[in-house]
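Count residues from 1 along the sequence. Start at 1 and go down the list; that is how both ligands and their atoms are numbered.
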Amino acid sequence: MDYDYKIAVIIAAAGKGERIGKAVPKQFISIKGKEILEHTINVFRGIEMLDVFLALPEEFVDGAEAKYKVKKVVAGGKTRQESVYNAFKCIDAEQYKWVLVHDAARPFLSAQLLGKVLDQTMISGSAVPVLELSDTVKTVSEDTVTNTLERDTLRAVQTPQGFEYGILKKAFDRANDEDFTGNDESALLERIGESVYTVQGEKINFKITTEEDLDIAKIMMGTVLFQKVDRENDNPSGNIRPRIRVGTGFDVHKIVSGREMIIGGVNMPSPDGLMGHSDADVLTHAIMDAILGAAGLPDIGINFPNNDEKYRDIFSIKLLEQVGNIIREKGGTIVNIDATLIGERPRIAPYREEMISNISKALRIDPKSVSIKGTTTEKLGFLGREEGVAAEAVVLVEFF
Ligand code: CTP
Ligand code: MG
């Protein structure tokens, strides 16, 4: 494959979304904390040979380059074709040999399909993903059937549509000269006799068009097993990783005299306390390790080494805040935390709410997502002899 040139991706996001008819155009509707448009842009993010050119409604252009972190933002036009052309005009023919055009309203584009369209475009000069129709197709007039079509030669066409720059330029020039408006870019090629090659599309790559589609999109993004494209880790399963990941953490600190007993960020009344380089907040440490574990990151000992003076006697809730930042940067949202403090003492019941409040504030999550329990070991073992306190935690993290 010829990867010397870059590929320009035009995302058409300048429509009004009239069929859905919400207060904002559909591409700006948030699902799971992110606009549909952001979900779509994320599919292309991090692929070095791609640059995104975004067409937005005029009133959304201001500040959008910084917000969406794309190469270029332009104002769209009255028709989709005009919007795409406005972006196309900014693409430098010297730099970009291929152009992909994708609907903002298709956030479920997979890495596989993107790869297929790119490969076919590089081989043939154009590529569009198509689906065979599984339903019988009829023409109707008002509410009466007028004809049944021969299904075998019909295809539903999706985006991204890929083109060699020169071919698309020629098609746009001719369409502009002749004042022709097509439904999609490939229609512009067809009318000037350029071949349009097809690749197998994916049902999951549907366009959010109606309110029902929006509901389906929400269900899909909320589904635990739904997977996301992972650009950071090239893995054999095709750059796909699960959205939901679990992590566990476990920690023990020794009870000694002359130290404070800080647990869950609460300085508990106690004749003695926990030994450690930091404040030895055993519960907070278990929670931090669980969060880091869910993200596949090394444990707190590596992130915050106990021979680093910076961390001497540090309030561990501060470190938890940093772990919260790390997880957000990785695109993670904590779904819930369930932690247990294990030992004969201290009794946590009177301080549970305060601990939950400290932890949820540090992580900027809903306190209802945090559960803290206490148990003893029936006086057995080192915990039973009150030589130390242990804690374990499980967290669930959802990645976007
Ligand atoms: N689009 C665009 N400029 C336009 C019209 C549409 O960039 N003037 C974009 C849309 O934002 C969308 C894609 O083209 O991502 C596909 O169009 P469609 O699904 O028809 O979206 P809308 O035109 O926004 O919706 P509607 O037709 O219901 O108004
Ligand atoms: Mg439209």
Which residue and atom name correspond to the protein heavy atom nearest [atom], and how close is it?
{"atom": "atom 16 (C) of ligand 1", "result": "Asp103 OD1, 3.6 Å"}
{"atom": "atom 7 (O) of ligand 1", "result": "Ala14 N, 2.8 Å"}
{"atom": "atom 22 (P) of ligand 1", "result": "Gly17 N, 3.6 Å"}
{"atom": "atom 6 (C) of ligand 1", "result": "Gly15 CA, 3.4 Å"}
{"atom": "atom 9 (C) of ligand 1", "result": "Ala12 O, 3.4 Å"}
{"atom": "atom 29 (O) of ligand 1", "result": "Glu18 N, 2.6 Å"}
{"atom": "atom 3 (N) of ligand 1", "result": "Ser83 OG, 2.6 Å"}

Geometry only, no angles: is [X] polar-contacting ligand 1 at N/O separations under 3.5 Å?
{"X": "Ile20", "value": "no"}
{"X": "Lys207", "value": "yes"}
{"X": "Ala104", "value": "yes"}

Is [Y] paired with [X] through a side-chain N to carboxylate O contact shorter than 4.0 Å?
{"X": "Glu211", "Y": "Lys22", "value": "yes"}
{"X": "Glu178", "Y": "Arg191", "value": "yes"}
{"X": "Glu387", "Y": "Arg385", "value": "yes"}
{"X": "Lys318", "Y": "Asp279", "value": "no"}

Could a heavy atom of [X] be found less than 4.0 Å from some atom of ligand 1?
{"X": "Ala13", "answer": "yes"}
{"X": "Pro25", "answer": "no"}
{"X": "Gly77", "answer": "yes"}

Any idea which atoms of ligand 1 are less than 4.0 Å away from a heavy-atom of Thr79?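 Close to Thr79: 3 (N), 4 (C), 8 (N).
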Rounded to the nearest 0.5 Å, what separates atom CG in Leu363 from atom CD1 in Ile287?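 Atom-to-atom, Leu363:CG and Ile287:CD1 are 7.5 Å apart.
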Membership question, hydrophobic clusters at under 4.5 Å side-chain separation (ILVMFWY): are Leu189 and Val99 in the same one?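 Yes, it is one cluster - the side chains of Val99 and Leu189 are joined through contacts under 4.5 Å.
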Under 4.5 Å between side-chain heavy atoms, counting indirect links through other Ile/Leu/Val/Met/Phe/Trp/Tyr residues: same cluster for Ile11 and Phe163 or not?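 No, it is not one cluster - the side chains of Ile11 and Phe163 are not joined through contacts under 4.5 Å.
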Tell me whether the NZ or CZ atom of Arg106 lies within the 45° cone about the ring axis of Phe206 and under 6.0 Å from its centre.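 No, cation not above the ring by the 6.0 Å, 45° rule.
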So which of Lys78, Arg19, Gln81, Gln27 gets nearest to atom 20 (O) of ligand 1, if we judge by its closest heavy atom?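 Looking at heavy atoms only, the winner is Arg19.
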Selection from Lys26, Glu82, Arg80 by shortest heavy-atom distance to atom 18 (P) of ligand 1: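 That would be Lys26.
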Kindly assign one of parallel, tilted or perpendicular to the pair Phe44 and His102, based on the angle between their ring planes and the thresholds 30° and 60°.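 Ring orientation, 0 to 90° scale: perpendicular.
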Can you confirm whether or not the ring centre of Tyr96 sits under 6.0 Å from the ring centre of Phe88?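 Not close enough - the centres of the two rings lie 6.0 Å or further apart.
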